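We number each residue from 1, following the sequence as shown. Everything quoted here is computed from the prediction, not taken from an experiment.
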Amino acid sequence: MNEDFSDVTISVKGKNYPAHKLILAARSSVFKAMFRNDMQESQKNRIVINDIEEETFEEMLHYIYTGKVKNLEESAFELLSVADKYDLKELKNACEGILLSKLSADNVGKILVLADMHNAEELKANALRFIKAKYSNCGNYENTEMWKILTESRPSLMKDMLAMVFNK
């Protein structure tokens, strides 16, 4: 990213990133709203973000400027939530595709929770179908990592999952 003519600084956990309002606003409706409305970020030309890891933010910023992600295979899980938060639809779709291709018995619970939290309906539906195919004929699902994740963090998903598994 070229720092020439940058007109906003984004601070992520204390590290500063010079950026351009026009580019941020063109790619993200969330940034556009920050700059268009009379918000503190627009007045001070500074955005503070403390709920994203630096590496994840750098991948998002790289995507905003180039339309590409350097390490999507490794960062899709983290980037999906960031893409949803900043309304980066194409990035969110790309992350969903990667996660869908990596669905396994070991990660389906975490992916299902992530999809539910971030309205990734296609990913959620595919995760539920995966669960149905994997567990509908076996009764040992209570001891799986997926079961623990769902019962502890997203009990509302239990209804969706059980309906999918037992609705033949």
> Ignoring hydrogens and geometry, is there a side-chain-to-backbone donor-acceptor pair from Glu59 to Lys70 under 3.5 Å?
Replying inline: yes
> Taking 4.0 angstrom as the limit, do Glu53 and Lys13 come out as a salt bridge?
Replying inline: yes
> Counting N and O atoms only, with roles assigned by atom type, does the side chain of Ser28 sit under 3.5 Å from a partner on the main chain of Ala25, one being a donor and the other an acceptor?
Replying inline: no
> Would a 4.5 Å heavy-atom cut-off, applied to side chains only, mark Glu96 and Asn93 as touching?
Replying inline: yes
> CG/Leu80 to CG/Leu91 distance, rounded to the nearest 0.5 angstrom?
Replying inline: 8.0 Å
> Are Ser11 and Arg46 close enough that some pair of their side-chain heavy atoms sits under 4.5 Å apart?
Replying inline: yes
> Can you list every pair that meets salt bridge (charged side-chain N to carboxylate O under 4.0 Å, His left out) and has a residue in residues 23-32, with sequence neighbours left out?
Replying inline: none
> Looking at side-chain heavy atoms only, is the closest gap between Val8 and Phe35 below 4.5 Å?
Replying inline: yes
>> So Leu112 and Ile131, do their side chains get closer than 4.5 Å, heavy atoms only?
In response: yes
>> Please evaluate residues Lys102 and Glu73 with respect to the criterion salt bridge (charged side-chain N to carboxylate O under 4.0 Å, His left out), reporting the C-alpha separation (whole Å), side-chain torsions for both, the decisive distance (0.1 Å), and the verdict.
In response: CA-CA 9 Å; Lys102 291 185 170 200; Glu73 291 276 331; 3.4 Å; yes
>> Determine whether Phe77 and Lys110 satisfy the following criterion, side-chain contact (heavy atoms from CB on, under 4.5 Å), listing intermediate values before the conclusion.
In response: CA-CA 9 Å; Phe77 197 89; Lys110 290 178 183 177; 4.1 Å; yes
> Can you tell if the side chain of Lys68 reaches within under 4.5 Å of the side chain of Tyr63, non-hydrogen atoms only?
Replying inline: no
> So how far is it from His62 NE2 to Asn71 CG, rounded to the nearest 0.5 Å?
Replying inline: 9.0 Å
> Side chains of Asp51 and Lys85: does their closest heavy-atom pair fall under 4.5 Å?
Replying inline: yes
> Which is it for Tyr86 and Ile64 under the side-chain contact (heavy atoms from CB on, under 4.5 Å) test, yes or no, and what are the steps along the way?
Replying inline: CA-CA 10 Å; Tyr86 288 97; Ile64 287 172; over 6 Å; no
> Ion pair present between Asp116 and Lys124, side-chain N to carboxylate O less than 4.0 angstrom?
Replying inline: yes
>> Between Asn126 and Leu123 (side chain of the first, backbone of the second, donor and acceptor by atom type, cut-off under 3.5 Å), is there such a pair?
In response: no
> Considering all heavy atoms of both residues, which atom of Pro18 and which atom of Asn16 are nearest to each other, and what is their separation?
Replying inline: CD-O, 4.0 Å
> Got more than 12 heavy atoms from elsewhere within 6.0 Å of CD, Glu122?
Replying inline: no
> Of Asn119, Asp87, Asp84, which meets side-chain hydrogen bond (donor to acceptor under 3.5 Å, both in side chains) against Lys92?
Replying inline: Asp84
> CG/Leu22 to OG/Ser6 distance, rounded to the nearest 0.5 angstrom?
Replying inline: 13.0 Å
>> Tell me whether the rings of Tyr65 and His20 are parallel (<30°), tilted (30 to 60°) or perpendicular (>60°).
In response: perpendicular
> Got a second to check how far Ser75's OG is from Met60's CE, nearest 0.5 Å?
Replying inline: 12.0 Å
> Hey, what do you get for CD1 (Ile111) to CG (Asp106), rounding to the nearest 0.5 Å?
Replying inline: 10.5 Å
>> For the CG atom of Leu103 and the CZ atom of Arg129, what is their distance to the nearest 0.5 Å?
In response: 10.5 Å
> Would a 4.5 Å heavy-atom cut-off, applied to side chains only, mark Glu78 and Ile52 as touching?
Replying inline: no
> Would you say Leu24 and Ile10 make side-chain contact, with heavy atoms under 4.5 Å?
Replying inline: yes
> What pairs with Phe57 under ring-ring contact (aromatic ring centres under 6.0 Å, His included), at least two apart in sequence or on another chain?
Replying inline: Tyr17
> Do you reckon Val30 sits in the same ILVMFWY cluster as Val12, going by side-chain contacts under 4.5 Å, direct or chained?
Replying inline: yes
